[in-house]
Protein chains: 2
Amino acid sequence: MYAVKAMPRPRSLTPAQLADAALAVLDRDGLTGLTMRAVGAQLGTSTMALYRYVADRDELESLVVERVLDGVDMRPPADGPWPDGIRELVDRVRAAVGAHPAVVPLLPAHRHRSPGILRWGEAALAVLTRGGFAGTRRVVAFRALLAYVVGAIQMEHLGALAGPGTAVIAALPRAEFPLLAETARAAGAVGPDDEFGGGLDLLLDGLARQLDG
Amino acid sequence: MYAVKAMPRPRSLTPAQLADAALAVLDRDGLTGLTMRAVGAQLGTSTMALYRYVADRDELESLVVERVLDGVDMRPPADGPWPDGIRELVDRVRAAVGAHPAVVPLLPAHRHRSPGILRWGEAALAVLTRGGFAGTRRVVAFRALLAYVVGAIQMEHLGALAGPGTAVIAALPRAEFPLLAETARAAGAVGPDDEFGGGLDLLLDGLARQLDG
DNA sequence: GCTGTAGGTGTACAACGTACTCCTACAACC
DNA sequence: GGTTGTAGGAGTACGTTGTACACCTACAGC
């Protein structure tokens, strides 16, 4: 292996450039616009050149997810009450994802393989552990937190009740969905941050109560 | 309009048959296998005949979602403590979806338009209202509940921590993700029901605490 | 310079959603 | 019971997707 006869042409792209280009396409044209051809055009290369960097479209999506999560500070906040630490961690991913809403549909599918999401999980577990959670309780707490965050972020970017989506529901047949219509109207006074944070607080309160009891 | 000259050939399919066929394809071949051609073949009709019943593939998916939710009892439980009512409602949808796991990725996108999901929301709001929630609090409670349910169901069927997905995480590099690895091992002792229900209980505890305080 | 390697390009194909055109079968009339 | 108008169903065809394959190309090392 040490006596290599010749070295090939060096790569003209970095994975980071590829990820940036794909993210740019995603931000501009949405998830349906994220095609191999579009990313190739964005980079000024052929479509097939991308396959020297990723095995398939799925891997390209992974690259995008990772790129969005790259800017997130994944260090667990070390001081302060543990619920504040969780809130901080949650807010960081929420902000990062909010800057690129089109990645939202990709998150559930890439949840297992994404190093970024795994690092976030590790940080969240560190905070929970510091708060006193261990064993089965920690498993359930962690999963509940993840479920809420995943669900709430999706709700937020697929038409929140507080937001443009409200109008749709407010126009529902009153007779059939009286409570939904009423709730949709009341939701106008609740901002996305209050909605997201309020739900998280409910979960954190439940966790705190479990620690006490 | 009353003197119609001739009546056309009657439809040979019912929407229900179409929904059943699509659901059968979805169950058998997964979401990627749910194509117009496959559903046409399943029904023994041409592909294009489907377009007499649905405008496009998206509408076909709506039909499938509705079919899955059709069997769910959407009447809000009228007696017993309100948290038990919520648990009951949540368990019903979870069971229905669990019988057709491949629909899970469709749920977030169809959340707004699906009459079935709307009816579920109305029922959940009825229970929350009976429990004493109103105004802004009810908005936040409802949204938090929905976020948790949507998120938890997706986590459950896209590889739960307690479940087959555990193995993937348990194989993580220990040095980099010590807590995740440990949690994955501990998760082996937690069944999916305990995991799902435990998280829901945390949220319900938070809600109950809010009502008291 | 020569050369071997891996990078980049172009072509091609199967499968998808669906627009368009034609044929067909039935209910309502004489 | 034949005729007819209507909407349903079938067939064909097109643009777009991911990607397999075969080819050419440019550079590091001799």
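Side chains included, hydrogens not; waters and symmetry mates left out as well; all remaining heavy atoms used. In what follows, every chain begins at residue 1, and chains take the letters A, B, ... in the order their sequences are listed.
- Scored by the ring-ring contact (aromatic ring centres under 6.0 Å, His included) test, B:F177 finds no partners at all (sequence neighbours excluded).
- Contacts of A:A49 with the nucleic acid, taken as non-hydrogen atoms under 4.0 Å apart, include base atoms.
- For A:A126, the side chain to side chain contact (heavy atoms under 4.5 Å, CB included) partners at least two apart in sequence or on another chain are A:P76, B:L179.
- Contacts of B:E66 classified as salt bridge (Lys or Arg N to Asp or Glu O under 4.0 Å), with partners at least two apart in sequence or in another chain: none.
- Comparing the start and finish of the helix from C:dG1-D:dC30 to C:dC30-D:dG1, five pairs each, the helix axis swings through 10°, to the nearest 10 degrees.
- Residues forming a ring-ring contact (aromatic ring centres under 6.0 Å, His included) with A:Y53 (at least two apart in sequence, or on another chain): none.
- Considering only residues two or more places apart in sequence or on other chains, A:R87 meets the side chain to side chain contact (heavy atoms under 4.5 Å, CB included) condition with A:P83, A:D84, A:L200, A:D201, A:L204.
- For residues 117-126 of chain A, no residue pair satisfies the side-chain hydrogen bond (donor to acceptor under 3.5 Å, both in side chains) rule, not counting sequence neighbours.
- The two residues B:D194 and B:V190 make their nearest non-hydrogen contact at CB-CG1, 3.9 Å.
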Residues 33-46 of chain A side chain polar contacts: donor-acceptor under 3.5 Å, at least two apart:
from: A:T35; atom 1: OG1; to: A:A38; atom 2: N; distance (Å): 3.0
from: A:Q42; atom 1: OE1; to: A:R28; atom 2: NH2; distance (Å): 2.4
from: A:S46; atom 1: OG; to: A:A49; atom 2: N; distance (Å): 3.2

Listing, residues 11-26 of chain A side-chain donor-acceptor contacts under 3.5 Å, not counting sequence neighbours, or none:
from: A:R11; atom 1: NH2; to: A:R52; atom 2: O; distance (Å): 2.5
from: A:T14; atom 1: OG1; to: A:Q17; atom 2: N; distance (Å): 3.0
from: A:Q17; atom 1: OE1; to: A:T14; atom 2: N; distance (Å): 2.9
from: A:D20; atom 1: OD1; to: A:R67; atom 2: NE; distance (Å): 2.6
from: A:D20; atom 1: OD1; to: A:R67; atom 2: NH2; distance (Å): 3.1
from: A:D20; atom 1: OD2; to: A:R67; atom 2: NH2; distance (Å): 3.0

* Sugar-phosphate means primed atoms, P, OP1 and OP2; the rest is base. With that split, encode nucleotides 13-23 of chain D 5' to 3' as B, S or - using protein heavy atoms under 4.0 Å. => ----BBBBB--
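- Of the residues in residues 9-23 of chain B, B:R9, B:P10 come within less than 4.0 Å of DNA chain C through at least one heavy atom, sorted by number.
- Residues that satisfy the side chain to side chain contact (heavy atoms under 4.5 Å, CB included) test with B:D193, not counting sequence neighbours, are B:R94.
- Distance, A:M7 CE to D:dT25 C1': 17 Å, rounded to whole Å.
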